[in-house]
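Computed from a predicted structure; not experimentally measured. Labels below follow one simple rule: chain letters A, B, ... track the order of the sequence lines, proteins then strands, and each chain is numbered from 1.
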Protein chains: 4
Amino acid sequence: MSNTIGSIFKITSFGESHGEGVGITIDGCPAGIALDSGFIQSELNRRKPGQSRITTQRKEEDSFEFFSGVFEGKSTGAPITILIKNKDQKSKDYTHIKDVYRPSHADFTYQEKYGIRDYRGGGRSSARITAGWVAAGAIAKQALLQLGIECFAYVSQVGDLTLSKSYLELDLKQTESNDVRCPDSDMAQKMFDLIDQVRKDRDTVGGAITGVITGVPVGFGEPLFNKLHAALGHAMLSINAVKGFEFGSGFEGVKMKGSAHNDAFQNDEGVISTETNHSGGIQGGISNGQDIYFNVAFKPVATIMQDQESIDKDGKEAIVSGKGRHDPCVVPRAVPIVEALSASVILDFYLLAQTNKLRG
Amino acid sequence: MSNTIGSIFKITSFGESHGEGVGITIDGCPAGIALDSGFIQSELNRRKPGQSRITTQRKEEDSFEFFSGVFEGKSTGAPITILIKNKDQKSKDYTHIKDVYRPSHADFTYQEKYGIRDYRGGGRSSARITAGWVAAGAIAKQALLQLGIECFAYVSQVGDLTLSKSYLELDLKQTESNDVRCPDSDMAQKMFDLIDQVRKDRDTVGGAITGVITGVPVGFGEPLFNKLHAALGHAMLSINAVKGFEFGSGFEGVKMKGSAHNDAFQNDEGVISTETNHSGGIQGGISNGQDIYFNVAFKPVATIMQDQESIDKDGKEAIVSGKGRHDPCVVPRAVPIVEALSASVILDFYLLAQTNKLRG
Amino acid sequence: MSNTIGSIFKITSFGESHGEGVGITIDGCPAGIALDSGFIQSELNRRKPGQSRITTQRKEEDSFEFFSGVFEGKSTGAPITILIKNKDQKSKDYTHIKDVYRPSHADFTYQEKYGIRDYRGGGRSSARITAGWVAAGAIAKQALLQLGIECFAYVSQVGDLTLSKSYLELDLKQTESNDVRCPDSDMAQKMFDLIDQVRKDRDTVGGAITGVITGVPVGFGEPLFNKLHAALGHAMLSINAVKGFEFGSGFEGVKMKGSAHNDAFQNDEGVISTETNHSGGIQGGISNGQDIYFNVAFKPVATIMQDQESIDKDGKEAIVSGKGRHDPCVVPRAVPIVEALSASVILDFYLLAQTNKLRG
Amino acid sequence: MSNTIGSIFKITSFGESHGEGVGITIDGCPAGIALDSGFIQSELNRRKPGQSRITTQRKEEDSFEFFSGVFEGKSTGAPITILIKNKDQKSKDYTHIKDVYRPSHADFTYQEKYGIRDYRGGGRSSARITAGWVAAGAIAKQALLQLGIECFAYVSQVGDLTLSKSYLELDLKQTESNDVRCPDSDMAQKMFDLIDQVRKDRDTVGGAITGVITGVPVGFGEPLFNKLHAALGHAMLSINAVKGFEFGSGFEGVKMKGSAHNDAFQNDEGVISTETNHSGGIQGGISNGQDIYFNVAFKPVATIMQDQESIDKDGKEAIVSGKGRHDPCVVPRAVPIVEALSASVILDFYLLAQTNKLRG
């Protein structure tokens, strides 16, 4: 496996959904960062199950503890390990999926690859693992705040309901004002109703999240093979259920002419910027000082509350029954995950950018 | 900078468009692979400029030489270095872009990040660098052929002309039958005409490429942070002008319901497959034995044959004039690049998959 | 910081001596290895304090728990996290070293580098951290056993008492028969007496450990910059108090002539071996099938039970008093650490060696 | 294989002794370093064959060329590739070692590991490869000079002739004043005579080199698994023929008592230093501001001008005849190699140290 991401600010994920718990180790966190436990918990709360009618009704508190790397409230430069223990999960009965491969889940591929898998609640392939990522991202956010950098995300699509406004027309502070995490209240209500209907239909639906990063100065990004957008894309494609990533003009940009797509430079009293931002804040893999923005596509959740035909470990036909409490749409709870990985990536590239020149 | 990609089969890129040349070093190529120089050259020819009326009219032969790692026609396990020397480029006059930042190019970001840049023809940020990648990919392809794995790519969109057929409805062997590299001859003609018109308009247009990988067995991919699709996405997002990556159902999958999106398993006389393939051949970050397919979005080429307003190094207003010979649309020549990076990534994951279990 | 070692079998260390505990995450452990908890604990017991009169009299149980990566007693391919919680340590008073730099400790360098340090019991720089390494090594040992590979270590020097016999003349199974961990009982007694006298003198003394690895086939080692002996050396030099590493003929080999030093190949009914083994089982950075052996030099423990002049954080003169319970000589307890890192390195190189050729 | 060393300042080696040439790619060199080609060549000249009667009489000029990464005499942040082409070597006849395994060479292990090897002159395992390292080190030295850091090395032992003076008692500027590269002229003469006698005897002899690094500030080194001395040790153990590495008190320190070994801190008008330096300038894996010094042990060169019994590829008895022109003792020419790797490691750790804290 490969459970580490990042070059300097490296996060290593571990844990299973129904074992002892999930965790994260951050190696390379700069020393001396004051860590606000309340903020970390509030970020975890944004991801935790049971928040509203349109998320899974499972109750997990996702409370975290620092195991290492923090002394008198600050990072010490030593690896920071955070544990988020599982509570009730261990006692549940998962024999019904022990030998059956759930469609579009990772049961089959894990079993074939490793010859063994912790099948309880998805084990290592569960989205519960991302709780550790959110905790790491909360730490990255606190470091970035000192640098004037902020990472936002919001739901911009659910099924065929697409928010037509760009992030510039939205008040991103409204994202948390509704259960969908869409900052446009009218669209949020429509999305809520759609998700709620899908839930009642015992089905699921896909969605998309837009990420926005502000305050990044010129110079983050390591060409050629660690371009800033490639690292962001890699991180986003690591989230469960993600099927696509685009930044700036993205797939729509394909249709444009160069004369319309090019972002003209301008000098506003010494501040160089671009008139448009089809580049999405990144040129040649390096941040250009404009806002960075991108979209992430999530497929519909694979677990549905319906019977599905499948096969078992022996290749025989089997029925997978929809059981338990699952999300009808993953994007409302994925917003903090997108933000967390954005923050981890950006902090990593801030640190890498310190090594481009001698400072002697 | 970060000019290496891969974990075991690692390729390190170097060179500039108008210096001595470009090159690639492959570290970790398995020993004993017979290397067909003719095939490597033919792959380079697919990428080289001057192929047709709709590509740049520059004439570069892109002939390569092995500098190391090959003995009696085979890989030895030692690093393979390939050099592709620049010929005429060095003599040209690039003073007109020495101090001016071309819009939506990497001039500004390189200059700000490093305080110095080789401005001749884009220097390190030139797409010419990808010649080395194609050579490395040609070697990966020869190794993969022994494993029954093939990597295809073709143009599936130019501007607003989108090929509606899926790869399953196409004869991928027809890709090379036309200058656009679209295997549907009718659509290829339309795309050709569009690109040719854009060229006459002294403008550029975007496009998209579809990649297809066949023959990958179950088990390639390293969860969590080196998922197979994340690595493919990272590689594709490393190509100049790429703005987006999606695999399987991609951004369209967002609109679907889980009941329709899930890929049912079936057992056909011992061969386990899925009835549909919205997963794009990858589940939980691991190949599931089905075809892998994905789309890559390319923006319109930034260099247009028109005057554009910009600024210079001192922040003063300046005009960037369209000069030289450039591609009106990048995708026909990017097809071999997509294939080459696909092959490099897949071979890397084949090798990683050898380490999942003891073979004692 | 950089708390990970290994390329495929990667171990990431975390924790502090007087915080919550110490831990280790193993990423890349092959799936399906049966893990014997009793064996892991027995290895930890070999390292734990309070074993005998010549080790520190601190009582720590060093009991471990699996947090992740193990299912039904086997590795699953997921990251294995092991926690070894601190018990009494947290309550102790460490204000006496809070602001004072202990001579030849890491207090000064950590404080200067990071601007903050967890001073309690050495914090991150404590040898207690190696408990996690021993646990990881115990897992590596179990995997290696399936491959017929064993890692041994023993004390070969204490102060100026040097065991003149080579490992071939010793019964390595006798290593655990005495408190010094020297397999020669006469020498062990002399060493014991020396350490005991040093202890009574409130002083400390250095020592050396010899490592022996048997059963390694030809072919482990990745030239040029990941030679097998370089990786072993790197690992050994990561252990607290280590000042040197040599393998095969080592520093003594400097004095030899090539005609005497060269190891002649011989073919004994199809088995190729060397008549002598000055190479220490490694030629050109690659194992040659002979026993691997090496020596590791440990300086005398820096903490002595005497007053020492030093300075404090403000640069003022200060007295460091010898307090607490410390080892008069580190090598008896370091034997399992040398073995553990040996096993981790060798398993990593076994896995890397699976990627040298196609197995299609 | 694994032909890259370093985390930020990464050097990737390629080439063979009798193919097209040898080379090095430096990725991560800080931008804006003025590169003095004359200095790089002079460093290469210190390593090249044919310097004096006591080195091999082969004539190779080892002239280098920049292939990439340098613009107008400065590093640009792009990867710097340096080529050192082979001249006469290609034409030679190496059939006499094609199928025979030279004792204590890498012929056997390479052949067994890879199933193929470039046998000409040792191919990839030849010490000629280190020419590229010396070029990379020359660049690192130029960057370090701006930081006030210098890397020295000299021959401190040949056979049983050991220089008893410490580096503090020597004038390191005298190292280049004689062919042995020992800064003590009396000892240099004795060493010269010994090497010359060994040469006449058609034999070889081992040696040791002492490295000294001055001007390193407090704070270089990344605990736990990238300790500064572990990285130095790893680099030195990567040099052909090296059998051991020790720093500070090294193997002699084993014999000492802690009360004598500890380095007392002192404050001399605001400058904190240690009274003694048994630590070798590194405590807890981090530089403490004192001089860094270490010893490297080299075995006698394996190629001797005598017939030796061995076996061939088929396991049959064969005679290896001493042919060609080889070094009777490797250390005089290895001095610049030790310096080069020292400089590469130190520059890498300077860059890593920029990431320990936020600089917002």
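- Between chain A and the residues C/Gly15, C/Ala78, C/Gly115, the largest count of heavy-atom pairs under 4.5 Å involves C/Ala78.
- Separating the CG atom in A/Leu347 from the CD1 atom in A/Ile11 is a distance of 10.5 Å, to the nearest 0.5 Å.
- Take C/Val330 and apply the side chain to side chain contact (heavy atoms under 4.5 Å, CB included) test, not counting sequence neighbours, and it matches C/Phe298, C/Val301.
- The greatest number of non-hydrogen atom pairs below 4.5 Å with chain A, out of C/Pro30, C/Gly32, C/Gly69, is found for C/Gly69.
- By the 4.5 Å heavy-atom criterion applied to side chains, C/Phe9 and C/Ile26 are counted as neighbours.
- Ranking A/Gly23, A/Gly28, A/Gly21, A/Cys29 against chain C, the residue ahead of the rest is A/Gly21, based on heavy-atom pairs under 4.5 Å.
- What you find for C/Leu35 and C/Ile139 is that their closest heavy atoms are CD2-CG2, 3.8 Å.
- Every ring-ring contact (aromatic ring centres under 6.0 Å, His included) that C/Phe64 has, sequence neighbours left out, goes to C/Phe66.
- The shortest non-hydrogen separation linking C/Ala235 to C/Val345 is CB-CG2, 3.8 Å.
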Can you check whether chain C and chain A share any donor-acceptor pairs under 3.5 Å, and give the atom names and distances if they do?
unit_1  : atom_1 : unit_2  : atom_2 : d
A/Asn3  : N      : C/Asp27 : OD2    : 2.6
A/Asn3  : ND2    : C/Asp27 : OD1    : 2.8
A/Asn3  : ND2    : C/Asp27 : OD2    : 3.3
A/Glu16 : OE1    : C/Gly69 : N      : 3.3
A/Glu16 : OE2    : C/Gly69 : N      : 3.1
A/Asp27 : OD1    : C/Asn3  : ND2    : 2.7
A/Asp27 : OD2    : C/Asn3  : N      : 2.6
A/Asp27 : OD2    : C/Asn3  : ND2    : 3.3
A/Gly69 : N      : C/Glu16 : OE1    : 3.3
A/Gly69 : N      : C/Glu16 : OE2    : 3.1

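- Minimum heavy-atom separation, C/Gly132 to C/Ile84: N-CD1, 3.9 Å.
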